[in-house]
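Here the structure is laid out as structure tokens; the discussion comes afterwards.
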Amino acid sequence: MLRFASKRMLGLATSDAQSASRPAQAVFPRFYHENVIEHYNNPRNVGSFDKNDPNVGTGLVGAPACGDVMKLQIKVDEKTGQIVDARFKTFGCGSAIASSSVATEWVKGKQMQEVLTIKNTEIA
């Protein structure tokens with residue numbers, strides 16, 4: 001959706017297969033940071049864990065202003081308190097998907113107390 005919308009805005013939307021494979025970085029150098037584009041094009045840790053697993057914590061948040069809904073799950077080692085894995089499912093804009101992907105990468109391998117210090121402005 002982000003790729004199509006960006007091409008339409010710039011008048012680049014065509015049915016030509018070559019233009020469809022053009023990287024988004026060439027299209028949007030000023031609108032999105034290259035890391036946002038990378039995590040949107042290749043999101044990491046998409047999916048979910050078993051909600052009945054006692055070592056899984058789930059957070060669900062929605063943004064009424066834009067309609068985004070994000071579910072983030074973490075799996076914690078009960079002995080060490082370390083986050084051993086993270087997954088997300090996000091229904092929303094490209095930046096919401098990219099931010100969710102970045103967040104899962106940042107929290108893996110960290111202690112619970114450490115991730116509580118991460119601010120939304122650091123991810124965005």
Side-chain angles (χ1 to χ4, degrees):
M1 180 78 136
L2 177 64
R3 283 174 276 203
F4 179 72
S6 63
K7 287 180 181 182
R8 276 190 75 184
M9 267 181 26
L10 297 172
L12 301 174
T14 67
S15 61
D16 183 280
Q18 186 178 16
S19 69
S21 67
R22 189 178 313 151
Q25 292 90 319
V27 176
F28 260 152
R30 291 178 23 203
F31 297 117
Y32 289 102
H33 189 276
E34 63 188 45
N35 289 342
V36 173
I37 299 292
E38 171 56 24
H39 276 272
Y40 171 74
N41 286 332
N42 303 295
R44 284 74 153 179
N45 309 306
V46 176
S48 59
F49 296 121
D50 179 4
K51 64 182 178 182
N52 297 318
D53 184 337
N55 297 322
V56 171
T58 302
L60 183 65
V61 65
C66 63
D68 294 343
V69 177
M70 298 164 222
K71 178 175 85 169
L72 178 71
Q73 292 182 300
I74 57 171
K75 187 177 283 191
V76 180
D77 182 318
E78 63 182 283
K79 292 179 182 173
T80 65
Q82 181 180 13
I83 298 172
V84 293
D85 207 354
R87 296 277 183 260
F88 80 93
K89 284 189 177 179
T90 296
F91 301 96
C93 67
S95 61
I97 293 168
S99 296
S100 299
S101 176
V102 168
T104 60
E105 287 290 292
W106 281 9
V107 301
K108 286 197 300 185
K110 293 191 169 76
Q111 294 292 320
M112 288 294 298
Q113 291 301 319
E114 188 178 354
V115 300
L116 293 174
T117 64
I118 297 174
K119 305 285 185 238
N120 63 342
T121 54
E122 295 175 283
I123 295 172

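Small disclaimer: the values here were computed from a predicted structure and weren't measured.
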Given side chains that start at C-beta, do those of [X] and [Y] come closer than 4.5 Å, heavy atoms only?
{"X": "His39", "Y": "Ile97", "answer": "no"}
{"X": "Lys110", "Y": "Gln82", "answer": "no"}
{"X": "Trp106", "Y": "Ile118", "answer": "yes"}
{"X": "Lys108", "Y": "Val84", "answer": "no"}
{"X": "Lys89", "Y": "Val69", "answer": "no"}

Testing the basics here: between [X] and [Y], what is the closest heavy-atom pair and its distance to 0.1 Å?
{"X": "Val36", "Y": "Ser95", "result": "CG1-CA, 4.4 Å"}
{"X": "Ala86", "Y": "Asn45", "result": "O-CB, 3.2 Å"}
{"X": "Pro43", "Y": "Val46", "result": "CB-CG2, 3.8 Å"}

With rounding to the nearest 0.5 Å, note down the distance linking [atom1] in [X] to [atom2] in [Y].
{"X": "Leu116", "Y": "Glu114", "atom1": "CG", "atom2": "CD", "result": "10.0 Å"}
{"X": "Ser99", "Y": "Asn35", "atom1": "OG", "atom2": "CG", "result": "11.0 Å"}
{"X": "Asp77", "Y": "Asn55", "atom1": "CG", "atom2": "CG", "result": "7.5 Å"}
{"X": "Arg44", "Y": "Thr104", "atom1": "CZ", "atom2": "OG1", "result": "8.5 Å"}
{"X": "Gln73", "Y": "Phe88", "atom1": "CD", "atom2": "CZ", "result": "12.0 Å"}
{"X": "Glu34", "Y": "Ile37", "atom1": "CD", "atom2": "CD1", "result": "9.5 Å"}

**OP:** Find out if a path of hydrophobic residues (ILVMFWY) with successive side-chain heavy-atom gaps under 4.5 Å connects Val102 to Met70.
**Re:**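 Hydrophobic grouping puts Val102 apart from Met70.
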
Subject >> Linked, directly or transitively: Val115 and Val76 (ILVMFWY side chains, under 4.5 Å) >> reply: yes

Original post:
After noting the C-alpha distance and the side-chain angles of Val56 and Asp50, does the key distance pass the side chain to side chain contact (heavy atoms under 4.5 Å, CB included) rule?
Top reply: CA-CA 8 Å; Val56 171; Asp50 179 4; 6.0 Å; no

Original post:
Are Leu72 and Thr58 close enough, and set up right, to give a side chain to side chain contact (heavy atoms under 4.5 Å, CB included), and what steps lead you there?
Top reply: CA-CA 6 Å; Leu72 178 71; Thr58 302; over 6 Å; no

**OP:** Under the salt bridge (Lys or Arg N to Asp or Glu O under 4.0 Å) rule, what do Asp85 and Arg87 come out as? Steps first, then yes or no, please.
**Re:** CA-CA 7 Å; Asp85 207 354; Arg87 296 277 183 260; 3.3 Å; yes

**OP:** Report yes or no: does Asp68 contribute a side-chain atom to a donor-acceptor pair with the main-chain N or O of Cys93 at less than 3.5 Å?
**Re:** yes

Original post:
Judged by atom type as modelled, is there a donor-acceptor pair below 3.5 Å linking the side chain of Ser100 to the main-chain atoms of Thr90?
Top reply: no

